[in-house]
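Right, one structure below, let's go through it.
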2 protein chains.
Amino acid sequence: MVKSVSSRFPAPVRADAEAYLAGPEEETTDPRVERLVNELIGRVADKWTLLVLEELEEKGTMRFSDIGRAVDGISQKMLTQTLRQMERDGLLTRTVHPVVPPHVDYALTPLGNSLSAAFCGVWMWAERHREAVEAARAAFDARA
Amino acid sequence: MVKSVSSRFPAPVRADAEAYLAGPEEETTDPRVERLVNELIGRVADKWTLLVLEELEEKGTMRFSDIGRAVDGISQKMLTQTLRQMERDGLLTRTVHPVVPPHVDYALTPLGNSLSAAFCGVWMWAERHREAVEAARAAFDARA
DNA sequence: CGGCATCCGTGCAGATACTG
DNA sequence: CAGTATCTGCACGGATGCCG
């Protein structure tokens, strides 16, 4: 997701440069853990992932095309990709019923449910402050 | 951010097709509001936005290049872009001190702080379940 | 110092077609 | 139905150079 081998900002005073060699369990400041957490957030805060997550949370179990119809604007390709990633991350289970025509069910795991719960605050924020953000945008655009 | 004019999934049974004409304040199901909220989440759940948000939350006020140094891997271009968007959305204030060399301070607004708080649950989730996700990935990859 | 303008590569995502 | 495979483009993001 991130290259970060590139010419980023100079870091002349990297005080915690080798701090991770000393403290083995300083969770919040260990740069390696921080990077992993950042990466995980970036992965999981993906737009389609969020929408699929919410849809499954409220509907329980859904078929492939049900999700595709419920999530506005997603393509089959992105849906497949998103579902695979989420399955890989342990967020949902994929159950194939060997019948014709094929029938595949998706459902959240407890881990997926917990993530959904964690995002609850963000959804509430978005709903509560939607108008404030729109107003801020209008004001900003008016100045420019 | 989303085209969505494209050939998405067919929606043969769109029961709530004109529901938004009837109920004026059915917040949770109004498709227009839902779209706006989704768009807002997509905007705000951006990777760089999240990282800048966290950095400003913990440091208070920061200068342009301070943020650039604190956020690992971000380029000047992306930083400028992210900061502009956040300013436009009312998440932070940009204060230019007219001295030479230029001095520009960035700080979160109350709205920005509230967003940061809303994401708190997600950060905690990521820290708490990081290992579970890694284990799930390993298991998934082993099967394939 | 804190940008903005420009060029440019590539990776993501859409469209389309095909299959078990 | 639930995918895979392939082609394509274009937008995102990196690198560089210049300016107030």
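Naming: A, B, ... by sequence-line order, numbering from 1 per chain.
Recorded end-axis angle for the helix from C:dC1-D:dG20 to C:dG20-D:dC1 stands at 50°, based on five pairs per end and rounded to 10 degrees.
Every side-chain hydrogen bond (donor to acceptor under 3.5 Å, both in side chains) that B:R94 has, sequence neighbours left out, goes to B:Y106. Not counting sequence neighbours, the partners of A:S114 by the side-chain contact (heavy atoms from CB on, under 4.5 Å) test are A:L111, B:W125, B:H129. Every residue two or more places apart in sequence or in another chain was checked for a side-chain contact (heavy atoms from CB on, under 4.5 Å) with A:A136, and none qualifies.
Relative to the side chain of B:S75, the nucleotides D:dT4, D:dT6, D:dG14 differ in distance, and D:dG14 lies closest. Comparing D:dG14, C:dG2, C:dA13 by their nearest atom to the side chain of B:S65 picks out C:dG2. Ranking C:dG2, D:dG13, C:dA13 by closeness to the B:F64 side chain, first place goes to C:dG2. Nearest to the side-chain atoms of B:R63 among the listed nucleotides C:dG14, C:dG2, D:dG3 stands C:dG2. You'll find that the side chain of B:R84 is closest to C:dG3, out of D:dG3, C:dA13, C:dG3. Nearest to the side-chain atoms of B:M78 among the listed nucleotides D:dG3, C:dG3, D:dG14 stands D:dG14.
Among all heavy-atom pairs drawn from B:E55 and B:M62, the shortest one is O-SD, 3.9 Å.
A:K77 places its NZ atom 12 Å from the P atom of D:dT6, with the value rounded to the nearest Å. Taking atom CG of residue B:L83 and atom P of nucleotide C:dC4, one finds them 10 Å apart after rounding to whole Å. Rounded to an integer number of Å, the gap from CE of A:M62 to P of D:dA2 is 11 Å. Nucleotide D:dG17 holds its P atom 13 Å from the CD atom of B:Q76, rounded to whole Å. Rounded to a whole Å, the CD1 atom of B:I74 is 15 Å from the C1' atom of D:dA15. If you measure from atom NE2 of B:H97 to atom C1' of D:dG20, you get 18 Å, rounded to the nearest angstrom. Here C:dG2 presents its P atom at 9 Å from CD1 of B:I67, a figure rounded to the nearest Å. As rounded to whole Å, 16 Å separates atom P of D:dC12 from atom NZ of B:K47.
Within the 3.5 Å criterion, the main-chain N or O of B:L91 finds no donor-acceptor partner in the side chain of B:D89. Of the possible donor and acceptor atoms, one in the side chain of B:N113 sits under 3.5 Å from a partner among the backbone N and O of B:T109.
With contacts defined as side-chain heavy-atom distances shorter than 4.5 Å, the pair B:M86/B:L53 qualifies. Side chains of B:W123 and B:E54 form a contact here, defined as non-hydrogen atoms less than 4.5 Å apart.
Using a 4.0 Å cutoff on non-hydrogen atoms, the parts of residues 101-109 of chain B near DNA chain C are B:P101, B:P102, B:V104, B:Y106, ordered by number.
Between B:D105 and the choices B:V96, B:T93, B:D66, B:T61, the side-chain contact (heavy atoms from CB on, under 4.5 Å) rule is met once, by B:T61.
Within the 4.0 Å cut-off from OP1 or OP2 of C:dA13, at least one side-chain nitrogen or oxygen of A:Q81 is found. Contact annotation: B:R94 side-chain N/O to C:dG3 OP1/OP2 distance is under 4.0 Å.
Residue pairs meeting the ring-ring contact (aromatic ring centres under 6.0 Å, His included) criterion with at least one member in residues 67-87 of chain B, sequence neighbours excluded, do not occur.
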